[in-house]
Amino acid sequence: MAIELPADYYLDNFRDLLQFVRSTYADLLIESEKQFADQLMDLSEPAVRLYIRLLCRSKSIFRLDKLHYSEIPDLISAAAELEESGYLQINPEYDVQSLLPLLTKQDIANLLSAAAACEADQKGKSLSVLKRAELENLALDNLPDSAVIFQQMTVLEVLNQDHFEVYKLCFFGNLYQDMTDYVLRDLGLTQFETYELDKQYRAFDSREKICSHLAYYQCSYRFDQLAPDDIDAQIQLASELPEPIDNALQRRVDRLRNKIARNLERQKSYEQALDLFEKSARPPARERRARILATLQRDHEALELCAQIASSPFNEEERHSVTAFAARLAKRCESPWPKPSLYKPPQHHLTLKNREGSVEYIVRDYFNEQSTNCFYTENVLCNSVFGLFFWDIVFAPVAGVFYNPFQQAPADFYEPEFVRTREPLLKARLDMVRNPGQLRRLVLQHYERKHGLQNPMVNWRYLELDLLEQALERIPLVDWETLFQRLLLDLRAHRTGFPDLVVFPDVGGYEFVEVKGPGDTLQKNQLRWMEYFAKVGIKHSVCHVEWAGEIDGSPVVEESVIETD
DNA sequence: GTTGGGATTG
DNA sequence: GAATGTGTGTCTCAATCCCAACTT
DNA sequence: TGACACACATTCAA
Ligand SMILES: [Mn+2]
Ligand SMILES: [Mn+2]
């Protein structure tokens, strides 16, 4: 199914985005941003085409001689027109360092030997054995001025990228999506559910919010440019983070704070890390603070923080994260602390022959040779059935959560208010589970009708129909209900940690099995699912695998499958 | 001479 | 043998081109 | 370009 895009595809897409934002955000755009769109649309088509081509590429400077667009035969006049109207700079005043990425190794070597020849400074002919970075250093020392580069080539710099960023941010609500979303959709590669787009709902409802989000992305970008040991710059950067003025920004800023602070912690800048983590409201900020305090021997403060976490955890994950740590800490400073009771799931041990492929597939195939049918699904099964069953509620028309056609989920999907806002719908749907046939009907119906459409919980690639059929047949309705209930408690955190395998014995029933190869142990999120299984009576176990013929990795004469309990 | 990481394209 | 921290690989949209490191 | 699960190393407490 080769889908052809119209010849004007990138013009159309660009105009669509620009015009949407230009009209929807007329009250929030500043004058220069509006002019950016208005004047661009007055330029000749070849000029606009060239501008969009360059604007959608990842760098901002280009070599004219490397550009070849069959639909723009006269690049020179298009570029001249763009420069005339301020959308392009020809041969911008960049220093040698900024221009180097335009050059190949061969280019740099040629420039160097030309410069050396002029100065009668003979260097060895062996420039080509140097690595790229070494050549660049040589160039920085020996190429006096970017003029020598401009003698060899014409350079174009695309201007007004910052204005386009504003348009993209307003349109998508973020800066990680871009024009390729149009292409992927129109090629049929990622298809989105159709939901009502009300023009009154926008990603941002004030200029201040737009600016704050832009500032956040600036900081995020700058942090990625910094060296990990550049402590001062990171602290400075953290202090420049914008005040979070909506939930989305709060989430983004706190995630960046955590990222920076975690790095400071790694660099042993503990005090600064503590300060920054304290500004963050999101896990694992408090946990990290407690651990830092403990390494600083400030045990009582650390324990106090653990007590705070225990009494008002952000979520189950955060509460769980410090249980073992706090107990050890309490023992160290002889303070009282409830003894942590770790759930121990049922275990069994398998000795199998090692072969190519991951241990999960090996165990799956082993089970399939026994009298069972077994699938390696991890989170796919539970999440996908959830997504299919609640499909229309996920995409229910709630005010303000859909503002562009490229959303795979409503804006609030991973926030607690997702459940709060849709409480009656979710409750009614959950009550439907126990009615025989309803779950199966809705899941299969959505599997048919929505097949291939993006959904935050559905993984179409790994969700096979026979898995779905068997799971719906074997897993009792009450079990589905309890699985959904846990997912709804925290869609972000509980969508992970589901056991590797689902096993359907020929004799009936089912079981979730987590596979652990040599040296692997249960992760915390996996243990929490198992704890829950135990509480609600869902059969589950951990299957530890050892390799036949190996002891501690060295071969031993033995074979055959051994199973022990 | 191959390959592996990118950027670009539709 | 827990409990930590840290590093890796696998998803990737797929085809193509360019370029820089190399017997992988 | 992360999210997620796993692999591996180090440390520490019975
Ligand atoms: Mn797994
Ligand atoms: Mn596993």
Side-chain angles (χ1 to χ4, degrees), chain A residues 1-13 52-59 62-63 66-71 101-109 128-136 174-191 220-221 224 228 255 259 262-263 265-266 284 287-288 290-291 294-295 320-329 331-332 340 342 344 358-360 376-380 383 414 452 454 456 459-462 492-500 514-527 529 545 553:
Chain A
M1 64 166 191
I3 299 178
E4 293 270 317
L5 294 185
D8 286 340
Y9 79 93
Y10 64 86
L11 269 179
D12 297 341
N13 297 341
I52 300 172
R53 284 289 198 186
L54 301 186
L55 197 58
C56 290
R57 289 172 65 161
S58 60
K59 304 290 169 53
F62 310 91
R63 288 170 62 160
K66 298 275 189 184
L67 298 177
H68 303 285
Y69 294 116
S70 60
E71 79 279 13
L102 294 176
L103 307 178
T104 65
K105 270 183 70 178
Q106 193 59 57
D107 293 327
I108 301 176
S128 55
V129 299
L130 295 178
K131 293 198 175 159
R132 164 103 202 177
E134 297 166 329
L135 259 183
E136 289 192 354
N174 60 63
L175 279 184
Y176 58 79
Q177 289 181 286
D178 57 29
M179 303 307 292
T180 63
D181 282 62
Y182 280 93
V183 176
L184 294 183
R185 177 195 61 181
D186 296 338
L187 286 173
L189 291 167
T190 50
Q191 293 181 305
S220 175
Y221 174 78
D224 288 339
R255 279 224 314 246
K259 195 166 145 188
R262 189 71 178 89
N263 187 65
E265 182 189 349
R266 278 188 238 256
E287 177 199 347
R288 295 315 318 167
R291 292 184 187 278
T295 62
H320 204 127
S321 69
V322 291
T323 47
F325 165 75
R328 196 152 31 90
L329 194 62
K331 181 172 289 183
R332 196 165 86 186
L342 261 191
K344 188 97 170 146
S358 68
V359 63
E360 293 87 354
Y376 173 27
T377 67
E378 278 182 348
N379 308 300
V380 170
N383 291 352
Y414 290 114
Q454 296 290 118
N459 186 333
W460 291 108
R461 174 164 302 223
Y462 295 106
R492 165 66 76 190
H494 295 174
R495 58 175 299 150
T496 73
F498 215 80
D500 293 316
E514 170 58 36
V515 177
K516 287 300 169 197
D520 192 11
T521 56
L522 273 187
Q523 297 175 42
K524 287 184 173 174
N525 54 355
Q526 297 173 331
L527 185 61
W529 264 115
V545 177

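Quick note on labels: first sequence line is chain A, next is B, and so on, each numbered from 1.
Distances shorter than 4.0 Å separate none of the side-chain N or O atoms of Lys59(A) from OP1 or OP2 on dT8(B). An OP1 or OP2 oxygen of dT9(B) is reached within less than 4.0 angstrom by a side-chain nitrogen or oxygen of Tyr69(A). Listed pair Arg288(A) / dG5(C) meets the phosphate criterion, a side-chain N or O lying under 4.0 Å from OP1 or OP2. In this model, the phosphate group of dA7(B) is not approached by any side-chain N or O of Arg57(A) to a distance below 4.0 Å at OP1 or OP2. The shortest distance between the side-chain N/O atoms of Lys66(A) and the OP1/OP2 oxygens of dC19(C) is below 4.0 Å. Neither OP1 nor OP2 of dC4(D) sits under 4.0 Å from any side-chain N or O of Asn379(A). Dashed line: the shortest gap from a side-chain N or O of Arg328(A) to OP1 or OP2 of dA2(C) is not under 4.0 Å. For dC19(C), the OP1/OP2 oxygens have no side-chain nitrogen or oxygen of Gln106(A) closer than 4.0 Å. For the pair Arg461(A) and dT12(C), the criterion of a side-chain N or O lying under 4.0 Å from OP1 or OP2 is met. In this model, the phosphate group of dC4(D) is not approached by any side-chain N or O of Gln526(A) to a distance below 4.0 Å at OP1 or OP2. Distances shorter than 4.0 Å separate some side-chain N or O of Arg262(A) from OP1 or OP2 on dT6(C). Between Tyr182(A) and the phosphate of dG10(B), there is no side-chain N or O to OP1/OP2 separation shorter than 4.0 Å. For Arg132(A) and dC22(C), the shortest distance from a side-chain N or O to OP1 or OP2 is not below 4.0 Å. Taking 4.0 angstrom as the limit, Thr521(A) places none of its side-chain polar atoms (N or O) nearer than this to OP1 or OP2 of dG1(C).
Position along DNA chain D of the nearest nucleotide to Val359(A) versus Arg492(A) favours Arg492(A) as the more 5'-ward residue. Nearest-nucleotide positions on DNA chain C for Glu287(A) and Leu184(A) put Glu287(A) closer to the 5' end. With DNA chain D read from its 5' end, the first of the two nearest nucleotides for Arg332(A) and Leu175(A) is the one closest to Leu175(A).
Between the C1' atoms of dT24(C) and dA20(C), the separation comes to 15 Å (whole Å). The separation of dA3(D) from dT3(B), taken at their C1' atoms, amounts to 28 Å, rounded to a whole angstrom. dG6(B) and dT12(C) have their C1' atoms separated by 15 Å, given to the nearest Å. Nucleotides dA7(B) and dT6(C), compared at atom C1', are 30 Å apart to the nearest Å. Across dG10(B) and dG7(C), the matching C1' atoms stand 36 Å from one another, rounded to whole Å. Of the C1' atoms belonging to dA2(C) and dA14(D), the separation is 10 Å, rounded to the nearest Å.
Following rounding to the nearest Å, Glu71(A) (CD) and dT9(B) (P) show an atom-to-atom distance of 9 Å. Computed from coordinates, the Asn459(A) CG to dT12(C) P distance equals 7 Å when rounded to whole Å. Rounded to an integer number of Å, the gap from OH of Tyr176(A) to P of dA3(D) is 10 Å. Distance CD (Glu378(A)) to P (dT10(C)): 14 Å, rounded to an integer number of Å. For the pair Glu265(A) CD and dG5(C) P, the interatomic distance rounds to 7 Å; values are reported in whole Å. Atom CZ of Phe62(A) and atom C1' of dC18(C) are 16 Å apart (whole Å).
Each of dC11(C), dC22(C), dA5(D) was ranked by its minimum atom distance to the side chain of Tyr462(A); first place goes to dC11(C). Closest approach to the Lys516(A) side chain among dA5(D), dT8(B), dC6(D) is made by dC6(D) (side chain taken as heavy atoms from C-beta onward). For Arg495(A), taking side-chain heavy atoms from C-beta onward, the closest of the listed nucleotides dC4(D), dA3(D), dT9(B) is dC4(D).
Using a 4.0 Å heavy-atom distance criterion, Leu5(A) is classed as a sugar-phosphate-only contact. In this structure, Gly517(A) reaches neither bases nor backbone, as no heavy-atom distance under 4.0 Å exists between it and the strands shown. Note on Glu360(A): only backbone sugar-phosphate atoms sit closer than 4.0 angstrom, heavy atoms only; bases stay farther off. At the heavy-atom level, Arg53(A) lies under 4.0 Å from the strands shown only through sugar-phosphate atoms. As judged by a 4.0 angstrom heavy-atom cut-off over every strand, Phe325(A) is placed among residues touching the sugar-phosphate backbone only. Note on Asn525(A): only backbone sugar-phosphate atoms sit closer than 4.0 angstrom, heavy atoms only; bases stay farther off.
Judged purely by atom type and a 3.5 angstrom limit, Arg495(A) uses its side chain to pair as donor or acceptor with the backbone of Pro456(A). Asn459(A) places no side-chain N or O within 3.5 Å of a backbone atom of Val380(A) that could act as its donor or acceptor partner.
Ion pairing between Glu265(A) and Arg262(A) holds under the 4.0 Å rule for side-chain N and carboxylate O.
Cation-pi check for Arg57(A) over Phe62(A) is not met; the charged atom does not lie both under 6.0 angstrom from the ring centroid and within 45 degrees of its normal.
Heavy atoms only, all atoms of each residue included: Met179(A) and Cys56(A) are closest at CG-SG, 3.7 Å.
Atom CD of Glu71(A) has more than 12 heavy atoms from other residues, nucleotides or ligands within 6.0 Å.
Rounded to the nearest 0.5 Å, atoms NE2 (His494(A)) and CG (Asn379(A)) are 12.0 Å apart. Atom CG of Leu189(A) sits about 11.5 Å away from atom CG of Asp181(A), to the nearest 0.5 Å.
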